[in-house]
Amino acid sequence: VCIHRVRSCSSIRFIKSKYVCVFDKSALKFSHQQRLFRTSAVSCGQIVQFKLSDIGEGITEVTVKEWYVKEGDSVSQFDSICEVQSDKASVTITSRYDGIIRKLHYSIDDIAFVGKPLVDIEIDASKGVASEEDVVETPPMSHEEHTHQEIKGHKTLATPAVRRLAMENNIKLSEIVGTGKDNRILKEDILNYLAKQTGAILPPSPKAEIVPPARKTEAVPAAPKDKARKIPVPVSRPIAFSGKDRAEPVTGFQKAMVKTMSAALKIPHFGYSDEVDLTQLVQLREELKPVAEMRGVKLSFMPFFIKAASLGLLQYPILNASLDENCQNVTYKASHNIGVAMDTEQGLIVPNVKNVQVCSVFDIAVELNRLQSLGSAGQLGTSDLTGGTFTLSNIGTIGGTYAKPVILPPEVAIGALGKIQVLPRFNGKGEVFKAQIMNVSWSADHRIIDGATMARFSNLWKSYLENPASMLLDLK
Amino acid sequence: CVLRTPKACFWSTASGGLIIQSVSNDVYQNLAVEDWIHDHMDLEKQQVLFLWRNSPAVVIGRHQNPWQECNLRLLRQKNIKLARRRSGGGTVYHDLGNINLTFFTTRKKYERMENLKLIVKALKALRPQLDVQVTDRYDILLDRQYKISGTAAKLGRTSAYHHCTLLCNADKSVLSSVLKSPYKGLKSNATPSVPASVKNLFEEDPSLTSEILLDAIAKEYAVQHQIDHHITLINPVDETLLPGISNKTKELQTWEWVYGKTPKFSISTCLNMAYKDSVIDVKVNMDVKHGRIEVCNIDLPEQWLPPGQYNELVKSLTGSKFCPNEITTLVTTLLRVCPQDNELHSRWSLLCENMIRLM
């Protein structure tokens, strides 16, 4: 134990290094350590040059490929320091010490030499330095048996901070299964073990051996007449929550979405919702599905929704328009390029089916299949994703009934389709029947579209879907 | 039991060796098994031989640049997976006609030549007429000229592994087309691969199959380690047997690992864009670090794109992943908030499509 090498410093400095706290109460238990109470590790640490150890096969030099630490970082024994490469072998160099990195001797792509210093580490001098072999022993901090355990011939791996946590909670390290590298016991393992102790409801079994890790003995109620071991009352102990906030920069596609949605906010939206009885359409699709399958195409409801929308747009072309930036001109788009919102790993992508006005329902199904497989493979092209004039979002496939969709500029309208539910409805004769009901929620740009237009478009769209035969009359 | 799993598991044997074979052909699952054994098994008393095969995949070395090593466009088209392994070395193409062998030992017992000699011994025992030998680059050559096996290794604190391929009956035409990079103007310090002529053992002797070869090598390993010639099958999705394996598998598939671990590189190239009746030369310079565009310079003719839009494009590209899908969705989304001008839109799309081709 190298404790005697440390000078006791009167200045008490708060340092980020987690090892400072080890000198806390536990240190007080040992008379010869009392001098070290609140020692400042920074000024009293010893700089050790960690040399690059032998790689084997007679290799003398390697290339440094990646650093896992930078100067100023604190490292624990066995943490990875860097990755070096030599002749098709990639080697992870791990630290032999606990301490703070003070100097990296090489940059990326430099040649490093075996036996020469790789990094300088400032170690807390009270800690033992691990010997050359892979023995994992660290000097015992306590006379109690908790900290330095031997289990079945294996020494437990745990950093001093973890050992202290175990000791504070009266946990034997032998009770814990380590989940870290080389079965190392991590802080999380201790916390999980604690959580199980205090929160778990234990089965009333006479064999229950678990002793509550209570510091106060009154936590265990003992009924004097009961001979069997009582279930210990859970002691509520504040479990240290070690979760940390994580900040990530907004880049790439997300950044673009920020821009688009901010622009969308400037559009005065109004909403209009309705309910559509798809009973007949459901039946029609069932009949047509095998026909499409024979042609190698999966037929969903979307091709019908899309075609019906296009037929509606022929009557109400203002919904397929675009308003310029200055709100000076409205451009009525000739093509009905109907966008279909797709949920992918990246987020919301909206490829569009081009020229729906001249496509059959089957054509649309084919194109949708193509877009969907490209979308899930992450291979949509720029032409698939640009030129949209109107959008439908089938959020119902995930769930939900009503929605308030946001218009995607430079379009002026959008529809969100809820899920199809089987609901009771009344027919013309006043009888209750099973209806397949779907809700649609439209949003439109109130600068150029009024409620009446939206309502009429919606009614027309709805009538095509509720009575698919009527689509035949107006199909182009 | 060498592992600290709550129940007794099959890992614990008294013998000095263990031969296991994966039932999966998923490259990520199999690489995860390697990671798991490397991280969790005590190899002091028991060395391990792991046998595995993958459905079509390109596997690059730890410190390589996928853009430099293979035709990513072709991979995406053909649905061939791309994986980055944790060992060093060069790029290889895997399919079911290729077998992978991983020799796990303690760090001290790490010895690649011995392993390769074992393989050669097994091959010769099987077919004495085969002209196979180990080179000092740790390759195995057939007929002194064709590479049939490549090697790579990973060393950790206490354990190490050496793995190698063995070409039995792989698709050579796919191999050569995917391992040819079409990307120009790349400058990097990533480990380059050394191309070699390859041949399948099947071509030399049509009676050889992957199964026969795997069996012969396992037999030789068993003899040399004085253990039973018994191959234990393992399923890489068995979380009870291999606790934590699904996380390892997931990590190997993340973009951050496969592409993000590419050492810093730069691209300096010229786009020749055909626009209307002329061709516009556009010099592009980009620095890519951790797979993301750190610096982006596009030398366009003045006013070809309005300065506002040009700046918007460059600003958005900076910090984005160097990934065609990411950039496609980014630029098409940005287009929504650009002035609605057909000329501008077609120029923007043309430039972006050319930029995306670089990825």
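Every chain is numbered from 1, with letters handed out A, B, ... down the list of sequences. Remember, predicted model here, so these are calculated numbers, not experimental data.
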### Inter-residue atom distance L155(B).CG - I59(A).CD1, 0.5 Å rounding
8.0 Å
### Message
For the CD atom of E411(A) and the CZ atom of R336(B), what is their distance to the nearest 0.5 Å?
### Response
5.0 Å
### Query
Looking at P409(A), G378(A), S90(A), which has the largest count of heavy-atom pairs under 4.5 Å with chain B?
S90(A)
### Message
Show the nearest heavy-atom pair for residues E325(A) and P339(B), with the distance to one decimal.
### Response
OE2-CA, 3.7 Å
### Query
Can you tell me how far CZ of F253(A) sits from CD1 of I327(B), rounded to the nearest 0.5 angstrom?
12.0 Å
## Note on the structure
Of the listed T386(A), T260(A), T382(A), the one with the largest count of heavy-atom pairs under 4.5 Å with chain B is T382(A)
### Query
Does the pair V91(A) and K154(B) meet the rule for a side chain to side chain contact (heavy atoms under 4.5 Å, CB included), with working shown?
CA-CA 6 Å; V91(A) 191; K154(B) 173 92 190 82; 5.8 Å; no
### Neighbour count >12 (heavy atoms, 6.0 Å) for atom CD, E44(B)
no
### Task
Go through the atoms of R62(B) and report whether side chain, backbone, both or neither lie under 4.5 Å from a heavy atom of chain A.
side chain
### Task
Inspect the surroundings of NZ in K354(A) and state if more than 12 heavy atoms from other residues, nucleotides or ligands are less than 6.0 Å away.
yes
### Query
Which one, I93(A), D384(A), L408(A), V84(A), leads in non-hydrogen pairs under 4.5 Å with chain B?
L408(A)
### Query
With no hydrogens and no angle check, do the side chains of Q85(A) and T191(B) hold a donor and an acceptor under 3.5 Å apart?
yes
### side-chain contact (heavy atoms from CB on, under 4.5 Å) partner of M257(A), chosen from L334(B), T329(B), T333(B)
T333(B)
### Message
Among A153(B), P324(B), S320(B), which residue has the highest count of heavy-atom pairs closer than 4.5 Å to chain A?
### Response
A153(B)
## Note on the structure
If you tally heavy-atom pairs under 4.5 Å between each of I349(A), D87(A), L380(A) and chain B, the highest tally belongs to D87(A)
### Message
With heavy-atom distances below 4.5 Å as the criterion, would you say the side chains of R112(B) and K88(A) are in contact?
### Response
yes
### Query
Roughly how far apart are Q340(B) CD and N329(A) CG, rounded to 0.5 Å?
13.0 Å
### Pairwise side-chain contact, Q379(A) with T328(B), heavy-atom cut-off 4.5 Å (strictly under)
no
### Residues D79(A) and R157(B) bridged, charged N to O under 4.0 Å
no
### Query
If we ignore angles and hydrogens, is there a donor and acceptor under 3.5 Å between the side chains of S316(B) and K259(A)?
no
### Query
Relative to chain A, which segment of R292(B) carries a heavy atom at a distance below 4.5 Å: side chain, backbone, both, or neither?
side chain
### Query
For atom CZ of R447(A), is the number of surrounding heavy atoms from other residues, nucleotides or ligands below 6.0 Å larger than 12?
yes
### Message
If you count heavy-atom pairs within less than 4.5 Å of chain A, which of V337(B), N189(B), T151(B), V331(B) leads?
### Response
N189(B)
### Message
For S53(A) versus R107(B), what's the shortest heavy-atom pair and its separation?
### Response
OG-NH2, 4.3 Å
### Top of Q77(B), E312(B), K315(B), K264(B) for chain A proximity - count of heavy-atom pairs under 4.5 angstrom
E312(B)
### Task
Using a cut-off of under 4.5 Å on heavy-atom pairs, state which of D109(A), T344(A), I108(A) scores highest against chain B.
D109(A)
### Task
May I ask you to say whether E83(A) pairs ionically with K261(B), meaning some side-chain N is under 4.0 Å from a carboxylate O?
no
### Query
Are any of the side-chain heavy atoms of T92(A) and H38(B) separated by less than 4.5 Å?
no
